[in-house]
Amino acid sequence: MPEFHRTGGGSRRGGGRPGGNRRGRRGGHGARTVTVKRAAPVEREPVGLPAVLSVAELADKLEVSGIEVIRELMKLGIMANLNQQVDYNTAAKVATELGWETFEQGSELASMVADFESRRQEGEQDPDSVARPPVITIMGHVDHGKTKLLDAIRSTHVAEGEAGGITQHIGAYQVETQGRKLTFLDTPGHEAFTAMRARGAQVTDVAVLVVAADDGVMPTTREAVAHIKSANVPMVVAVNKIDLPTANPDRVKQQLSEIGVMPEEWGGDIPFVEVSAREKLGIDDLLEVLLLVADLHELKANPDKPATGVVIEARVDSSRGPVATLLVQSGTLNLRDVAVAGATWGRVKAMFDDHRKRVRKASPSAPVEIMGLVDVPEAGDTFMVFEDERAARTLAEQRQAEHRMEALSTDRPVKLTDLYDQVQEGKTAELRLILKADVMGSLGAISAALLKLNEETDQHVQLAIQYSGTGAITESDINLAVTTQSIVIGFNVRPDAAGRRAADAAGIDVRYYSVIYQLIDEVKQAMTGLLAPVFEDVTDGYAEVRDTFKLPSNDVVAGCYVLDGKVVRNSRARVLRSGTVVFEGGIKSLKRFKDDVREVAAGYECGLGLEGFNDIQVGDQIESYHRQEVARS
């Protein structure tokens, strides 16, 4: 057993107590002997930080307290708490101040993702690419036969071995003609088409515009044309219902040529095909034209690489869990593949085609429904296959963190007053407008006057009308504004309830005018960088007139049902009839049963009287609103 000797008050490692005495001890002459042993500098391995992490997570990785991290963030001018998210660049600055070197985790993943994206976009440049089926979306007015045309195509051209009645289970399906396949997206129309593009998903190769030969071009047809043009995809026009005695295909061609859709036989570049979905006439001709357009654009993909594509739709099934419909754009998706779809991931446990048959693989342009994802992705999300399950999980977690950061970011849609800052900085700005008016006469006059401003104002700002039409401002208009970063202008029209909710959710700048020169002057001021808003109208709610009652005083009271928000007494109101403003004034009285009330919320009925207006009709919508002052920019 080793012996320990205490000599003259000595100590182990120079101290009088176990663990050392850094102050030493006084010698015989009262002198203080100081023994200091400096620790060698700590050699730290660089710490890996993700793209986004919380302050608490950063403190844990840097092995310091959360207070120290918060103190360093305050030096950078950032006030944060332990749960607040910071990005990698901010975290790296804090780490450097605390003596750490850093590197961004997932850089290998980022290069892998970039490689996937570049391969997905290479298309026909890939030497191993082969021809793939075109992906087609059918769009048009609600009553012009889109669904009947889809049914006619589906019932007359089914893939080999799939004869008989077909039940559509997912939002896409394939048909076969001339030994070749075509993929059709069964979407609700241009709203879904544009919502996907707003998420960065360019899914459609060819768009089919359906126009009824007896009805001609309708406002929804004009909207569909605007959406197709903004997507920059080739268009084929199907003139439907040619079997009707009132059909007039030439009138359809004339109307479409007036909005920039010029038929091939008139010197344009848009193929027109006359069809009858009810009688199944011209279906073969339409499919042949679609194949020709596909050949012209040389649609190709490499089937011998990991799959990439787009989520068409997704939902939670009560018995199967998260279920997603995928459209493979490149590569081949196999059973048991590990895939990342947006901010979720999973292993493909089961795959079904558009006829509910189990399949083991899906080639380019094939739609399939899959099971196995951890969570539900969003429509328009891209998906890609990974060989490494850990890498897939890490990427999905990073994307979730990035989505949280995006929710906290200051990015917002363009506003009319933003042009001031751009002009002051000397930048060339483009003012994109979506214009809606009550009648075609006003629409034409306003469009001409606005476009003339390009010649009159400073060339730093150019004006472009993305779409113009008549009628109420709809959710479709708002979706187009989101995609094209446009401002919506309404002349004597207002948004419907769905349009208002969409505009509020997306933060789209919607402006309303009733005098043309005020509209022109305000846009001109914006283009010259002089616009400063003073007031804006804030909508409180919408009510629908269900009945009317005449009082002994000859005043008319409307029996209303509040659809959205609330109706407030003594506020202002607009009466909307088919989206057009027919009255604007004050709310005179508001009752629930026999009692006067201050406000009535959505889901309740009320009696409402307006100041100086008795021409209320059943079906009118009443918009309750107030005006608030806006700070000048």
Nearest-0.5 Å distance that lies between atom [atom1] in [X] and atom [atom2] in [Y]:
{"X": "Q466", "Y": "L433", "atom1": "CD", "atom2": "CG", "answer": "8.5 Å"}
{"X": "S447", "Y": "L435", "atom1": "OG", "atom2": "CG", "answer": "5.0 Å"}
{"X": "I136", "Y": "T204", "atom1": "CD1", "atom2": "OG1", "answer": "9.5 Å"}
{"X": "S571", "Y": "R598", "atom1": "OG", "atom2": "CZ", "answer": "9.5 Å"}
{"X": "Q621", "Y": "D564", "atom1": "CD", "atom2": "CG", "answer": "9.5 Å"}
{"X": "Y513", "Y": "I520", "atom1": "OH", "atom2": "CD1", "answer": "9.5 Å"}

Flag side-chain contact, heavy atom, 4.5 Å: [X] against [Y]:
{"X": "L451", "Y": "I465", "answer": "yes"}
{"X": "L185", "Y": "V135", "answer": "yes"}
{"X": "V203", "Y": "I312", "answer": "yes"}
{"X": "C606", "Y": "V597", "answer": "no"}
{"X": "I622", "Y": "V545", "answer": "yes"}
{"X": "L450", "Y": "V523", "answer": "yes"}
{"X": "L286", "Y": "V236", "answer": "yes"}
{"X": "L256", "Y": "V211", "answer": "yes"}

Next item on the list: Name all pairs fulfilling the salt bridge (Lys or Arg N to Asp or Glu O under 4.0 Å) condition that reach into residues 610-626, sequence neighbours left out, sorted by first residue then second.
Entry: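 The answer is R494-E623, R574-E623, R577-D615, R577-D620.
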Return the minimal non-hydrogen interatomic distance between [X] and [Y], and the atom names on each side.
{"X": "L327", "Y": "F383", "result": "O-CE2, 3.7 Å"}
{"X": "I587", "Y": "V568", "result": "CD1-O, 3.4 Å"}
{"X": "A601", "Y": "V562", "result": "O-CB, 3.4 Å"}
{"X": "V488", "Y": "A481", "result": "CG2-CB, 3.8 Å"}
{"X": "D496", "Y": "Y542", "result": "O-OH, 4.1 Å"}
{"X": "V556", "Y": "I616", "result": "O-CD1, 4.3 Å"}

Next item on the list: Could you note down all residue pairs passing side chain to side chain donor-acceptor pair (under 3.5 Å) where residues 256-266 supplies at least one of them, sequence neighbours left out?
Entry: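 Every pair satisfying side chain to side chain donor-acceptor pair (under 3.5 Å) with a residue in residues 256-266: K253-E265, Q254-E258.
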Under-4.0 Å salt bridge between [X] and [Y]:
{"X": "R511", "Y": "E522", "value": "yes"}
{"X": "R500", "Y": "D504", "value": "yes"}
{"X": "D215", "Y": "K241", "value": "no"}

Identify all side-chain donor-acceptor contacts of residues 467-474 below 3.5 Å with residues at least two apart in sequence or on another chain.
unit_1 : atom_1 : unit_2 : atom_2 : d
Y467   : OH     : P219   : O      : 3.4
T474   : OG1    : S476   : N      : 3.4
T474   : OG1    : D477   : N      : 3.4
T474   : OG1    : D477   : OD2    : 3.2

Next item on the list: Return the set of residues passing side chain to side chain donor-acceptor pair (under 3.5 Å) with D438 (not counting sequence neighbours), or none when no residue passes.
Entry: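 So D438 forms a side chain to side chain donor-acceptor pair (under 3.5 Å) with N492.
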Item checked: Contacts of type side chain to side chain donor-acceptor pair (under 3.5 Å), residue N570, not counting sequence neighbours ->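 N570 satisfies side chain to side chain donor-acceptor pair (under 3.5 Å) with no residue once adjacent residues are dropped.
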Under 3.5 Å: donor-acceptor pair, side chain of [X], backbone of [Y]:
{"X": "D547", "Y": "G559", "value": "no"}
{"X": "K146", "Y": "M139", "value": "no"}
{"X": "Q255", "Y": "V217", "value": "yes"}
{"X": "R592", "Y": "E605", "value": "yes"}

Next item on the list: Taking side-chain contact (heavy atoms from CB on, under 4.5 Å) as the test, write out the residues that go with R546, two or more places apart.
Entry: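 Scan of R546 (side-chain contact (heavy atoms from CB on, under 4.5 Å), adjacent residues dropped) gives E544, Y561, L563.
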Next item on the list: Determine, stepwise, if the pair L576 / V493 fulfils side chain to side chain contact (heavy atoms under 4.5 Å, CB included).
Entry: CA-CA 8 Å; L576 311 176; V493 294; over 6 Å; no
Next item on the list: Start with the C-alpha distance between I78 and T90, add both sets of side-chain angles, then the distance that settles side chain to side chain contact (heavy atoms under 4.5 Å, CB included), and finish with yes or no.
Entry: CA-CA 9 Å; I78 299 173; T90 303; 3.6 Å; yes
Next item on the list: Go through the side-chain N and O atoms of Y604 and E599 and say whether any donor and acceptor fall under 3.5 Å apart.
Entry: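 There is no such pair (donor and acceptor under 3.5 Å, judged by atom type) between the side chains of Y604 and E599.
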Check: Can you find a side-chain donor-acceptor pair between H626 and D540 that sits under 3.5 Å?
Finding: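 Present: a donor and an acceptor within the cut-off.
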Next item on the list: Kindly determine whether K588 and D555 satisfy side chain to side chain contact (heavy atoms under 4.5 Å, CB included), including the steps that lead there.
Entry: CA-CA 11 Å; K588 184 178 180 180; D555 289 337; 3.2 Å; yes
Notebook entry, point to check: Any chance the rings of F583 and F613 have centres within less than 6.0 Å?
Noted result: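 Yes, the ring of F583 comes within the 6.0 Å limit of the ring of F613, centre to centre.
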Next item on the list: Take D537 and T539, measure what side chain to side chain contact (heavy atoms under 4.5 Å, CB included) needs, and give me the verdict at the end.
Entry: CA-CA 6 Å; D537 295 342; T539 299; 6.0 Å; no
